[in-house]
Amino acid sequence: MTLLKVENLNVSFKTRDGVVEPLSNISFEIDAGEILGLVGETGSGKSVTAQAIMGLLPFLDGRVSAGRIFFNDQDLLAISEKEYQQLRGNQISLISQNPMTSLDPVYKVGDQIVEGLKLHMTITKADARKRAVDVMTSLGIPNADKVFNQYPHQLSGGLKQRIVIAMGLCADPRLLIADEPTTALDVTVQAQIIELFKQTTRERNIGLIMITHDLGIISHLCDRVVVMYAGNVVEAGRVESVFAEPKHPYTEALLKCIPKLGMADRSLHAIPGNVPSVRTYPHGCRYHPRCPKAKAYCMENTPEIIHVKNTQVKCHQFTAQWRTAS
């Protein structure tokens with residue numbers, strides 16, 4: 001069953017210098033019990049995609065300028081903000097990027113979980129506390145009753161991240177969006193959190209969108225991957241297919257950047273240049289200034305998404321026009 005479907009999503013923001021459009025024609029879907037990875041460098045549009053799904057763009061002077069977003073066959077762009085508030089944090093939850101700043105330092109962590117529960121559910125304070133402690137325990141938090149009464153500064157980074165996950169899961173959402181949730185954690189804790197996400201998704205049969213720049217996390221956690229670059233989806237497919245035979249030059253370059261055991265330092269790969277800002281997106285293929293396979297044809301023509309074997313890719317090299325171009 002398709003839980004979330006994003007169709008040809010375009011997003012625009014009002015700025016002092018005019019309107020900018022950081023996302024263009026973003027499309028993907030996710031089923032219940034599935035983990036989808038959104039991957040790309042900083043500035044690719046991953047977090048803006050999450051904000052669009054959560055209905056947060058109006059608070060940021062942004063809007064969906066084209067496309068549709070369906071959740072459980074409900075058109076999210078056709079509902080009011082009041083209706084969105086009933087979904088947000090209840091049916092769809094967002095785990096923000098940094099657990100260190102996601103928790104209010106002056107409130108006990110348990111009270112912060114209970115606050116969300118009472119907002120979205122008809123529940124007594126005692127039942128909310130019990131539910132919060134049960135979820136904390138299920139997430140591997142030791143002595144959950146004690147941790148419930150502690151303040152954020154008393155907890156390690158790993159425990160803070162588990163508390164933030166508990167806040168997202170307490171109301172039993174159908175869809176969980178995790179925006180780079182392991183960035184501030186050490187490698188050992190990252191591995192624990194990744195395994196926790198995998199276990200939680202399967203046991204609760206929820207959909208999980210994992211936003212990250214780390215292809216290592218994608219390979220260990222996700223079922224499917226969507227590769228984003230400069231506000232476009234450039235490649236999408238099953239993780240095993242994309243990793244075994246990447247089609248887009250950007251995906252190939254990202255995979256070469258992953259360090260491997262026994263690799264000499266001089267063999268590490270880096271992608272030349274930077275992701276362009278939303279004001280300087282190039283004409284034609286947005287990746288062509290950094291692409292080793294680019295031709296003049298790529299600079300003048302915008303590629304379309306095409307199906308190649310088991311993946312979708314947005315690249316001219318699979319068209320007859322590119323092969324015959326000089």
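Every heavy atom of this structure was used, including side-chain atoms; hydrogens, water molecules and symmetry mates were not.
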Item to check | Nearest atoms (heavy-atom pairs only) where P181 meets I95 | outcome: CB-CG2, 4.3 Å
Checklist entry - Under the 4.5 Å side-chain heavy-atom rule for ILVMFWY, direct or indirect, which residues accompany V308? => result I306, V313, F318
Item to check | Listed once per pair and sorted, the side-chain hydrogen bond (donor to acceptor under 3.5 Å, both in side chains) pairs that draw on residues 204-215, sequence neighbours left out | outcome: D172-R204, E180-H213
Checklist entry - Who are the side chain to side chain donor-acceptor pair (under 3.5 Å) partners of S80, not counting sequence neighbours? => result E83
Checklist entry - Counting N and O atoms only, with roles assigned by atom type, does the side chain of K247 sit under 3.5 Å from a partner on the main chain of E245, one being a donor and the other an acceptor? => result yes
Checklist entry - For K46, which residues count as a side chain to side chain donor-acceptor pair (under 3.5 Å) partner, sequence neighbours excluded? => result none
Item to check | Partner residues of D134 under the salt bridge (charged side-chain N to carboxylate O under 4.0 Å, His left out) criterion, sequence neighbours left out | outcome: K130
Checklist entry - Where is the tightest heavy-atom contact between L169 and P173, given as atom of each residue plus distance? => result O-CD, 3.5 Å
Checklist outcome for this item: Nearest heavy-atom approach of P246 to A244 is CD-C, 3.8 Å
Checklist entry - Can you tell me if R202 uses its side chain to pair, donor with acceptor, with the backbone of G33 under 3.5 Å? => result yes
Next on the checklist: With a 4.0 Å cut-off on N to O distance, would you call R224 and E240 a salt bridge?
Outcome noted: no
Item to check | Side-chain hydrophobic cluster, 4.5 Å single linkage: members besides L119 | outcome: none
Checklist outcome for this item: T124 meets the side chain to side chain donor-acceptor pair (under 3.5 Å) criterion, sequence neighbours left out, with D127
Item to check | Full working for salt bridge (Lys or Arg N to Asp or Glu O under 4.0 Å) between R129 and D145 | outcome: CA-CA 9 Å; R129 177 192 169 94; D145 274 309; 3.8 Å; yes
Checklist outcome for this item: Heavy atoms of G62 and F13 approach each other most closely as CA-CD2, 3.5 Å
Anything under 3.5 Å between a donor and an acceptor, one on a side chain of residues 24-31, the other on a protein residue two or more places apart or in another chain? List them.
residue, atom, partner, partner atom, Å
S24, OG, R286, NH2, 3.3
S27, OG, N8, N, 2.8
S27, OG, N8, OD1, 3.4

Checklist entry - Would E81 and R88 pass as an ion pair if we require N to O under 4.0 Å? => result yes
Checklist entry - Is there a donor-acceptor pair under 3.5 Å between the side chain of S241 and the backbone N or O of G237? => result no
Checklist entry - Is there a donor-acceptor pair under 3.5 Å between the side chain of D104 and the backbone N or O of V106? => result yes
Checklist entry - Which pairs with one or both residues in residues 38-85 pass ring-ring contact (aromatic ring centres under 6.0 Å, His included), sequence neighbours excluded? => result none
Checklist entry - Who passes salt bridge (charged side-chain N to carboxylate O under 4.0 Å, His left out) against E195, sequence neighbours left out? => result none
Checklist entry - Okay, side chain of H288, backbone of C285: is any donor-acceptor separation there less than 3.5 Å? => result yes
Next on the checklist: Within the 3.5 Å criterion, strictly below it, is a donor on Q317 or R323 matched to an acceptor on the partner's side chain?
Outcome noted: no
Checklist outcome for this item: Residues pairing under ring-ring contact (aromatic ring centres under 6.0 Å, His included) where one sits in residues 225-249, two or more places apart or in two chains, turn out to be Y229-Y250, Y229-Y287, H248-Y287
Checklist entry - Do any N or O atoms from the side chain of T2 and from the backbone of L4 form a donor-acceptor pair under 3.5 angstrom? => result no
Checklist entry - Who passes salt bridge (charged side-chain N to carboxylate O under 4.0 Å, His left out) against K125, sequence neighbours left out? => result none
Item to check | Check: L215 main-chain N/O paired with H220 side-chain donor or acceptor under 3.5 Å | outcome: no
Checklist entry - Under a 4.0 Å N-O cut-off, is there an ion pair linking K198 with E203? => result no
